[in-house]
Amino acid sequence: MAAYAGLFRVALVLIAAAATWAAALDDPAGLLRRAKEAEFMDWMVGVRRRIHENPELGYEEFATSELVRRELDAMGIPYRHPFAVTGVVATVGTGGPPFVALRADMDALPMQESVEWEHKSKVPGKMHGCGHDAHVAMLLGSARILQEHRDELKGTVALLFQPAEEGGGGAKKMVEAGAVENIEVMFGLHVADSVPIGVLASRPGPIMAGSGFFEAVISGKGGHAALPHHTIDPILAASNVIVSLQQLVSREADPLDSQVVTVGKFQGGGAFNVIPDSVTIGGTFRAFLKESFNQLKQRIEEVIVTQASVQRCSAVVDFLDKDKPFFPPTINNPELHDFFAKVGSEMVGPNNVREKQPLMGAEDFSFYTEAVPKTYYYFVGMLNETRGPQAPHHSPYFTINEDTLPYGVAMQASLAARYLLEHQPVTAAKVEPRDEL
Ligand SMILES: *[C@@H]1O[C@H](CO)[C@@H](O)[C@H](O)[C@H]1NC(C)=O
Ligand SMILES: [Zn+2]
Ligand SMILES: [Zn+2]
């Protein structure tokens, strides 16, 4: 009896294995079907939920990084670690050129999750409120598919698990640590609350804004509120500074070149009848073109200093780029846009590959844009109206539609594999495997 049961199980495993291998690597729709298989989904959803329960902030993703490495070990995929404290770079394929990279970010946000569910964050005040838990699960899924087809790969795929996307510039540190040396092309994705499930969306050119922060201390001379002539009032000066800053975009920027200057911090004083010595203001500025970004930065400093001087105050401006590095704009290579549209159409049909408006949010994927010859960033839809409304990213009610996972998995794997196939070196037959990754 037992022997028969054993044989039966072996037969089932063989049948399952045959089904697994049925999809060729160069078949985006086939890879999507593979990623949707129940066992594959269960594994991936399990990984995502484990990460969701234990969210870690930027540069503290120790348990997440450990989980990633254990899953890679289980798949027999080699990796290097650490990059930028917790980062992991795994490789699948020949070890030789061409070299393509895929990226996932691992960090959570310092916020409290408000949704009650079985796998709610177990860490008070920390939450995967942007979906990076899903990104890690997806990239492990892509790794698994690529590993299943490793003999078909015509080059090397590097899988980057990076720390600290949310303001920490983890990508910048990954680049500085050498994680993208030799990489010719790189793809990044984000799950999107506003894009329908099954849809892939992006655009050629700028897709996410460049972003910087500033803080200024405006100093006068404090004193009694009833004797303003004995004081130099920094509250009035700071108020005029803020109004003047609002004229940078409305009067100096090309109306067709979207930009933002927002003052989000205004601190100073504390009593109704005291004029304080100084006031601190701070904010952020955004632009899609590097020149516009640099122009804004220069003018913000000039306006703060000179406008403060109108009310006899002095001002010191700090762009905080030691702690909060400027994020360059994320610019999609136009040639890769056509490539994305072609591969995406084969996977989800041409009607489900859509043009996306650029977003004023910033993404540290832009550091790869600056370091890698060709990069492309796109969105994977999560919105399924039959399941009800989808709370936005960074909301305490944010949730992941786990049905989205296979789309990201299959698209990243397909983009990487197809790119290698279409970009064989002229002497492909003679290339010796190199050990550069
Ligand atoms: C949308 O949600 C419904 C209800 O949960 C589900 O039956 C359907 O398969 C979902 N659609 C997609 C594309 O995942
Ligand atoms: Zn975010
Ligand atoms: Zn994010």
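Order of appearance sets the numbers: ligands from 1, and atoms from 1 within every ligand.
Using the six-membered ring where Trp is involved, Tyr377 and Phe379 have ring planes that are perpendicular, over 60° apart on the 30 and 60° scheme. Classification of the Phe285-Phe214 ring pair by plane angle, with boundaries at 30° and 60°, yields tilted. Using the six-membered ring where Trp is involved, Phe340 and Tyr376 have ring planes that are tilted, between 30° and 60° apart. Note: His135 and His190 have perpendicular aromatic rings, judged against thresholds of 30 and 60 degrees for the angle between ring planes. The aromatic rings of Tyr419 and Phe187 sit perpendicular, their planes meeting at an angle over 60°, well past the 30° parallel limit.
A donor-acceptor contact under 3.5 angstrom links the side chains of Gln162 and Tyr368, judged on distance only. Side-chain atoms of Ser244 and Gln307 include a donor-acceptor pair closer than 3.5 Å.
For ligand 1, the 4.0 Å heavy-atom shell contains residues Ile197, Asn384, Thr386, Arg387, Asp403.
Contacts classified as salt bridge (charged side-chain N to carboxylate O under 4.0 Å, His left out) and involving residues 403-412 (residues at least two apart or in different chains) are given here: Arg387-Asp403. Within the structure, salt bridge (charged side-chain N to carboxylate O under 4.0 Å, His left out) pairs that include any residue of residues 52-67 comprise Glu53-Lys122, Glu60-Lys126, Glu66-Arg70 (at least two apart or interchain).
Of all protein atoms, those that are N, O or S and lie under 2.8 Å from the Zn ion (ligand 3) total 3.
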